[in-house]
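Structure first, then comments.
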Amino acid sequence: MHVGVLTGGGDCPGLNAVIRAVTLSLIHEAGARVTGIEQGFLGLVERRARPLDVPAVMDIVNLGGTILGTHNRANPFAYFDAGGADVSAAVMDYVRELGLDALVVIGGDGTMTIAHKLGALGLPIVGVPKTIDNDLMASDRSFGFDSAVAVVAEAIMRLETTAQSHRRVMLVETMGRYAGWIALEAGLAGGADVILIPEVPYDVATVVARCRAHQRSAGSTLICVAEGAAPVGGQMTVERRIAGSPDPLRLGGVVQTLRAELEQHLDSEVRATVLGHVQRGGPPTAFDRVLATRLGCHAAELVRARQFGVMVALQGDAMASVPLAAVAGACRTVPPDHELIRAARALGVVLGDQ
Ligand code: F6P
């Protein structure tokens, strides 16, 4: 059996742990030959692949990024370097030339959408979900999320000491796209006083009132803001548009607007920090290494059982699989009555709406 592996979309802590798990379990359990496709679907278009054997995946379980490289615009159905042309037939030719019996595709919803379309052309595919945003529909938790939350929670603690020293209001902006999972969990873990997420539109007057009261009682205020947070009746802050990407909008910068607004109404100084890609870089936590390993081994099991057109998932505490069609293009946001939201409110954390 000859199996290809690729990582698509943005990088994420734990990708290498999946590559290692898929490779080792296919070699050990099925005597398979494994080939790594370089830079996601770009490698299939540009015909770049290399063998993955036991030495190639040694010592990478704790390594951030992806040893195969990745790309977030290489869509074979609308290829950016060919004026948006459909080059999927050439991709299928290359897969046949390589002699692949199956392809394991590790990526987010954009990658799964492409995987689903290639599956419809006859490519036997098993997907593995990745995203720090934790927003993939069928999986209760995605690897990379725990690592990102750990980085943000530590950043909040570091900002807290400088906030206290200067009696300042500190805003910290997290990633997460259209979902507030990172800001909500990291805000709770870091002890933020205010948490703003896309699912709960905020009222600036409410945030100002909280800051005034907290500055009086505690001397400093920590506000954790998801990049997709928006005021009541307002829009998310778009930082840039990436032509050719399956998900072209990049959010970012909401804390700069908030900083200016808060400064108008507060006597305290206000500072804003955008954490950006530090949330995605570096080693995965032990939790993410284990989750990535479980997902990779389960994907290898499905390949061996020739169950294709599916994505592996964590449901409850068990490995599961769902049709690729069910996850393509879907986004799992925070339900407004989620237990973590109720917990935050019970602690007196302000979510900006009341
Ligand atoms: O989906 C992961 C993510 O890190 C989002 O949280 C963020 O909005 C986006 O990717 C950033 O993308 P890029 O790496 O293209 O700037």
Side-chain angles (χ1 to χ4, degrees), residues 7-15 18 39-42 64-66 68-75 80 105-115 127-139 141-153 155 172-187 195-199 224-230 235-257 273-285 288 291-292 311 327-334:
T7 51
D11 71 316
C12 172
L15 285 171
V18 180
Q39 277 200 284
F41 293 113
L42 191 62
T66 158
L68 294 175
T70 188
H71 204 279
N72 62 7
R73 286 189 299 136
N75 179 355
F80 65 92
V105 170
I106 313 164
D109 57 352
T111 305
M112 292 306 147
T113 304
I114 295 169
V128 180
K130 70 87 217 176
T131 170
I132 63 165
D133 304 335
N134 203 32
D135 63 351
L136 275 168
M137 210 52 187
S139 203
R141 219 166 170 88
S142 50
F143 70 85
F145 174 63
D146 189 65
S147 306
V149 166
V151 170
V152 179
V172 57
E173 181 176 309
T174 75
M175 283 186 164
R177 280 198 320 176
Y178 310 114
W181 295 108
I182 297 178
L184 182 57
E185 283 215 7
I195 300 175
L196 305 180
I197 61 174
E199 296 84 348
C224 184
V225 188
E227 63 183 358
Q235 302 292 316
M236 293 183 184
T237 310
V238 174
E239 195 228 333
R240 69 179 69 200
R241 283 164 211 273
I242 313 268
S245 168
D247 173 29
L249 294 189
R250 291 294 177 275
L251 303 176
V254 59
V255 288
Q256 308 301 353
T257 311
T273 303
V274 179
L275 291 176
H277 292 82
V278 294
Q279 292 158 94
R280 269 190 6 209
T285 57
D288 277 340
L291 177 56
M311 185 189 83
V327 288
C331 177
R332 190 174 66 93
T333 54
V334 182

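When a residue number appears, it is its place in the shown sequence, counting from 1. In listed order, ligands and their atoms are each counted from 1.
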Next item on the list: Might you work through the side chain to side chain contact (heavy atoms under 4.5 Å, CB included) test for Arg177 and Asp109, ending with a clear yes or no?
Entry: CA-CA 12 Å; Arg177 280 198 320 176; Asp109 57 352; 3.4 Å; yes
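- Among protein heavy atoms, atom 1 (O) of ligand 1 sits closest to Asp133 OD2, 2.6 Å.
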Next item on the list: Please lay out, stage by stage, how His277 and Met175 fare under the test side chain to side chain contact (heavy atoms under 4.5 Å, CB included).
Entry: CA-CA 8 Å; His277 292 82; Met175 283 186 164; 3.7 Å; yes
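- Remark: Arg332 is positioned above the aromatic ring of Trp181, its terminal NZ or CZ atom under 6.0 angstrom from the ring centre and at most 45 degrees off the axis.
- Within the 4.0 Å heavy-atom criterion, the part of Ile132 lying near ligand 1 is the side chain and not the backbone.
- Listed by number with element, the atoms of ligand 1 under 4.0 angstrom from any heavy atom of Asn72 are 15 (O).
- Below 3.5 Å of separation, one finds an N or O of Gly176 facing an N or O of ligand 1.
- The heavy atom nearest to atom 10 (O) of ligand 1, out of those in Arg177, Met175, Arg280, is found in Arg280.
- Using a non-hydrogen distance threshold of 4.0 Å, Leu251 does not register as a contact of ligand 1.
- Ranking the protein heavy atoms by distance from atom 16 (O) of ligand 1 puts His277 NE2, 3.1 Å first.
- Neither the backbone nor the side chain of Ile182 has any atom closer than 4.0 Å to an atom of ligand 1 (non-hydrogen atoms only).
- Residue contacts with ligand 1 for Glu227 involve side-chain atoms from C-beta outward but no N, CA, C or O (heavy atoms, distance under 4.0 Å).
- Protein heavy atom nearest atom 12 (O) of ligand 1, with residue, atom name and distance: Arg250 NE, 3.1 Å.
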